[in-house]
**Student:** 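Quick one: structure below, then a few questions.
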Amino acid sequence: MSSLEPVVDDVHERLETAPTIGDLVRHINVDQMVDDDDIKRFEGLEYDIEPLIRALFYRDIAGFSWNGLYEYLSTENRATRLGFDPVKFGKYNTAPTRQTLASVWDHRLSEETKRTILAVSEQFVEEAYESDVALNVRPPRHVGVSDSDLRERDTPEFTDKQIRTHIRTARETVFGAFDSGRADNVVYPDSRFDELQALMALGGSGTPQGQSRMENFFGEDYTPHGDTHLRTVKSYSEEQIQVGFDQSIENLLDAVNHLQILQPPVTVAIDITTWEYHADGELPAEVSGIDDSGEKAYKFATLSLVGKSMPIVLAVEPVIEDSAWDENFSHQYHRTVRRLVRRAQEFVSIDLVLADRGFESFQVYQTLANLGVTYLFPKIERNPEATYIEGMKEDGHDLAVEEATVTARNGSHDCRMLFVPSRTGEDTQVFITNKQVKPEHAEKWVHRYANRWWIEAEYRSIKQHFLARTSSKDHTLRFYYFVFGVLMYNVWRLTDVLLKATVSRELTVGPPVLTAGELADWIAIHPQLDPG
């Protein structure tokens with residue numbers, strides 16, 4: 001096999017230009033990482049050696065479990081972009097199976113090749129952290145090429161006692177945070193309704209199914225009737241829901257404070273997600289249209305920790321827009337942003353705010369500047385930007401920084417337009433930020449925008465695994481369901497952090513070691529067992 005140095009040098013060079021881990025691993029020279037015996041062991045396999053090695057390389061850089069690697073490759077054509085032939089995928093798969101990926105590592109690679117992959121990825125992660133390149137990499141392990149930690153990279157096994165202990169801790173950050181204001185002598189405490197809602201959220205079911213499951217576990221006397229549950233949660237006001245959510249965030253951060261995993265100041269991302277509405281009849285005023293597709297949905301804005309922090313949602317806000325069927329006022333994006341950031345600032349010190357082009361407005365930029373945070377947004381290319389780009393091309397420049405002043409109703413502030421090459425290098429992308437950035441640092445600074453990807457992954461997880469079903473038109477009820485789904489996602493992430501930090505001593509931003517389904521079963525089966 002070739003010496004390790006050329007591979008490390010190649011990684012070092014690409015670190016300066018690769019905006020994502022995927023961009024880096026797609027160009028890794030696999031020939032430098034395998035030997036003839038490895039190649040022979042791959043003969044006759046369904047997939048070629050090159051994309052499999054790239055996938056394994058990605059797994060270690062990102063800190064993924066085998067399940068996490070499969071789920072990552074299965075979306076957005078990532079497996080195909082790594083070089084896998086989609087014709088060879090199974091009937092229901094969009095990537096090689098988990099078993100295939102794990103088998104390659106366990107049975108097809110020599111120990112030397114495994115050590116090379118792990119050593120190169122460790123080199124990359126350490127350099128990414130030292131240079132503050134904003135890629136979604138795991139924390140460094142600070143081990144050498146020959147250290148035993150590099151030989152075994154399998155997901156650690158956890159005992160039932162350890163899982164039960166940390167799920168109980170995670171549960172307690174949510175259950176009991178909501179106060180219905182009912183009398184103390186009621187039949188069921190508020191936490192009982194939290195348990196039923198959790199079973200609904202984690203099972204993607206409605207009230208009848210959640211009640212049935214809870215009765216199966218704990219009996220009829222323990223379980224509130226579905227109608228009682230609905231009456232209770234419908235009694236919550238939007239303010240009560242926000243107070244309960246904020247209390248759960250405070251509890252969550254207290255639970256991880258001793259781990260020192262939130263290194264202030266943090267990077268956050270803001271976005272708006274939809275909960276599609278399909279019922280017939282008169283449309284509720286809170287339902288909005290989705291683009292020009294004709295589809296309709298409730299909308300919610302969130303602010304989430306991204307980058308090197310624990311990926312959780314810190315703030316939630318319902319979004320109500322004007323539509324043809326109502327008399328709502330136009331949505332004021334800057335006011336939503338202000339409320340989200342202010343609530344998050346109660347818990348963390350924010351350095352950088354990321355958002356997509358949908359938030360582009362002078363009022364949003366000024367609002368963030370007034371809140372004392374740095375922002376980085378891609379900018380819609382209009383005539384002034386197009387003209388500037390043409391001038392850059394004529395002068396033979398591929399990046400530039402243009403000083404600008406944003407002026408809104410309540411004042412103005414200085415900002416910069418960053419003109420940088422796109423990922424393909426064929427076009428120029430335009431970003432706007434209020435940070436002082438020199439032209440030679442513009443491209444590296446823009447790389448931090450890649451961290452916004454995590455909020456898209458959050459939305460997929462929340463809607464696929466943690467959102468209870470309802471056909472209700474009650475907007476406050478919908479908001480409660482969505483907020484509780486977000487909190488169940490946070491419980492999932494908190495459980496993962498506690499397990500990794502106190503059992504394996506390894507923190508990663510990859511998918512949790514427990515699946516959403518496993519978390520649902522543990523919460524359902526063990527809510528009252530003593531962890532000791």
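Computed over heavy atoms, backbone and side chain alike; hydrogens, waters and symmetry mates excluded.
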**Student:** Applying side-chain hydrogen bond (donor to acceptor under 3.5 Å, both in side chains), name anything that partners S304, two or more places apart in sequence or on another chain.
**Tutor:**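 Per chain and number, S304 pairs via side-chain hydrogen bond (donor to acceptor under 3.5 Å, both in side chains) with E458.
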
**Student:** To the nearest 0.5 Å, tell me how far L354 CG sits from L376 CG.
**Tutor:**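 So the CG of L354 and the CG of L376 are separated by 6.0 Å.
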
**Student:** Walk me through whether V316 and I241 qualify under side chain to side chain contact (heavy atoms under 4.5 Å, CB included).
**Tutor:** CA-CA 10 Å; V316 183; I241 296 171; over 6 Å; no

**Student:** For E381, give me all partners under salt bridge (charged side-chain N to carboxylate O under 4.0 Å, His left out), at least two apart in sequence or on another chain.
**Tutor:**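 Partners of E381 under the salt bridge (charged side-chain N to carboxylate O under 4.0 Å, His left out) test: none.
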
**Student:** So do the side chains of I462 and T273 get within less than 4.5 Å of each other, counting heavy atoms only?
**Tutor:**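 The answer is no; the side chains never approach within 4.5 Å.
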
**Student:** Under the 3.5 angstrom rule, does the side chain of K438 hit a backbone N or O of V401 as a donor-acceptor pair?
**Tutor:**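 No; zero donor-acceptor contacts below 3.5 Å.
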
**Student:** Run the side chain to side chain contact (heavy atoms under 4.5 Å, CB included) test on E276 and E295 for me, step by step, so that the C-alpha distance in whole Å, both residues' side-chain angles and the decisive distance to 0.1 Å come before the verdict.
**Tutor:** CA-CA 7 Å; E276 293 186 6; E295 297 180 350; 3.5 Å; yes

**Student:** With the side chain counted from C-beta on, respond yes when D48 and D85 share a heavy-atom pair under 4.5 Å apart, and no when they do not.
**Tutor:**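 No, every pair of side-chain atoms sits at 4.5 Å or beyond.
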
**Student:** Just one of V313, V483, L340 clears the side-chain contact (heavy atoms from CB on, under 4.5 Å) bar with T302, so which one?
**Tutor:**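 Of the listed residues V313, V483, L340, the side-chain contact (heavy atoms from CB on, under 4.5 Å) partner of T302 is V313.
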
**Student:** Looking at D356 and F377, what are the two nearest heavy atoms and their distance?
**Tutor:**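 So the two residues come closest at O-CD2, 4.4 Å.
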
**Student:** How would you list all residue pairs meeting side chain to side chain donor-acceptor pair (under 3.5 Å) that involve residues 391-402, not counting sequence neighbours?
**Tutor:**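 Every side chain to side chain donor-acceptor pair (under 3.5 Å) pair that includes a residue of residues 391-402, provided the two are not neighbours, is Y388-E402.
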
**Student:** Taking all heavy atoms of S461 and all of W492, pick out the closest pair and write down the distance.
**Tutor:**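 Nearest pair, atom of S461 first, then W492: OG-CZ3, 3.9 Å.
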
**Student:** Measure the shortest side-chain to side-chain distance between E286 and R478 over non-hydrogen atoms and say whether it is less than 4.5 angstrom.
**Tutor:**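 When only atoms from C-beta onward are counted, R478 and E286 do not touch, as no gap falls below 4.5 Å.
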
**Student:** Would you say the ring centers of H413 and Y365 fall short of 6.0 Å from each other?
**Tutor:**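 Ring centres of Y365 and H413 not closer than 6.0 Å.
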
**Student:** Below 4.5 Å, heavy atoms only, C-beta onward: do I432 and Y375 meet side chain to side chain?
**Tutor:**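 The answer is yes; the side chains approach within 4.5 Å.
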
**Student:** For the residue pair Q242 / D246, report whether a side-chain donor-acceptor contact shorter than 3.5 Å exists.
**Tutor:**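 No - no donor-acceptor pair under 3.5 Å links their side chains.
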
**Student:** Hey, is the main chain of K88 close enough, under 3.5 Å, to the side chain of Y47 for a donor-acceptor pair?
**Tutor:**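 At least one qualifying donor-acceptor pair exists.
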
**Student:** Using side-chain heavy atoms (C-beta onward) and a distance below 4.5 Å, is V420 in contact with W445?
**Tutor:**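 Not in contact.
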
**Student:** Are Y459 and I455 close enough that some pair of their side-chain heavy atoms sits under 4.5 Å apart?
**Tutor:**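 Yes, side chains in contact.
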
**Student:** Testing the basics here: between K296 and V287, what is the closest heavy-atom pair and its distance to 0.1 Å?
**Tutor:**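 Heavy-atom minimum between the residues: CB-CG1, 3.6 Å.
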
**Student:** Between Y489 and R493, do the side chains contain a donor N or O and an acceptor N or O under 3.5 Å apart?
**Tutor:**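 There is such a pair (donor and acceptor under 3.5 Å, judged by atom type) between the side chains of R493 and Y489.
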
**Student:** If we check side-chain hydrogen bond (donor to acceptor under 3.5 Å, both in side chains) with E317, which of these qualifies: R339, K299, R335?
**Tutor:**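 Between E317 and the candidates, side-chain hydrogen bond (donor to acceptor under 3.5 Å, both in side chains) is satisfied uniquely by R339.
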
**Student:** Out of curiosity, Q345 CD to L371 CG, how far, rounded to the nearest 0.5 Å?
**Tutor:**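 It is 5.5 Å, given to the nearest 0.5 Å.
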
**Student:** What distance separates R54 CZ from I117 CD1, expressed to the nearest 0.5 Å?
**Tutor:**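 Taking CZ in R54 and CD1 in I117, the distance rounds to 12.0 Å.
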
**Student:** Are side-chain N/O atoms of T336 and H331 paired as donor and acceptor at under 3.5 Å?
**Tutor:**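 There is such a pair between these side chains.
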
**Student:** I need the F362 CZ to T367 OG1 distance, nearest 0.5 Å.
**Tutor:**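 Nearest 0.5 Å value for the CZ-OG1 distance: 13.0 Å.
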
**Student:** Would you name the heavy atoms of Q429 and P421 that are closest together and state the gap between them?
**Tutor:**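 Heavy atoms of Q429 and P421 come nearest at OE1-O, 3.9 Å.
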
**Student:** Counting N and O atoms only, with roles assigned by atom type, does the side chain of E385 sit under 3.5 Å from a partner on the main chain of R382, one being a donor and the other an acceptor?
**Tutor:**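 Between the backbone of R382 and the side chain of E385 there is a qualifying donor-acceptor contact (under 3.5 Å).
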
**Student:** Might you work through the side chain to side chain contact (heavy atoms under 4.5 Å, CB included) test for L252 and L487, ending with a clear yes or no?
**Tutor:** CA-CA 10 Å; L252 186 153; L487 291 178; over 6 Å; no

**Student:** Any non-hydrogen side-chain atom of R416 less than 4.5 Å from a side-chain atom of E403?
**Tutor:**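 Yes, side chains in contact.
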
**Student:** Would a 4.5 Å heavy-atom cut-off, applied to side chains only, mark F300 and I272 as touching?
**Tutor:**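 Counting from C-beta outward, F300 and I272 never come under 4.5 Å.
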
**Student:** Please assess F482 against W275 for the test ring pair (Phe, Tyr, Trp, His ring centres under 6.0 Å), listing each intermediate value before the final yes or no.
**Tutor:** CA-CA 9 Å; F482 183 79; W275 185 359; 7.1 Å; no

**Student:** So which atom in A79 and which in A95 form the shortest heavy-atom distance, rounded to 0.1 Å?
**Tutor:**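 Smallest heavy-atom distance, with atoms named: CB-CB, 3.8 Å.
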
**Student:** Supply the atom-to-atom distance L352 CG to T374 OG1, rounded to the nearest 0.5 angstrom.
**Tutor:**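 Result: 6.5 Å between the selected atoms.
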
**Student:** To the nearest 0.5 angstrom, please state how far the CG atom of L73 sits from the OH atom of Y58.
**Tutor:**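 Reported to 0.5 Å precision, the distance equals 8.5 Å.
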
**Student:** Output, in order, the C-alpha distance, side-chain angles, deciding distance and verdict of side chain to side chain contact (heavy atoms under 4.5 Å, CB included) for I270 and V341.
**Tutor:** CA-CA 9 Å; I270 295 175; V341 172; 4.0 Å; yes

**Student:** I'd like to know if E456 and R452 make a salt bridge, using a cut-off of under 4.0 Å between side-chain N and carboxylate O.
**Tutor:**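 Looking at R452 together with E456, the answer is yes, because their closest N to O distance falls below 4.0 Å.
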
**Student:** For Q464, look at atom CD and say whether over 12 heavy atoms of other residues, nucleotides or ligands are found less than 6.0 Å away.
**Tutor:**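 Yes, enclosed.
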
**Student:** Between P318 and H475, what is the shortest heavy-atom contact and its length?
**Tutor:**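 Scanning both residues, the minimum pair turns out to be CB-CE1, 3.8 Å.
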
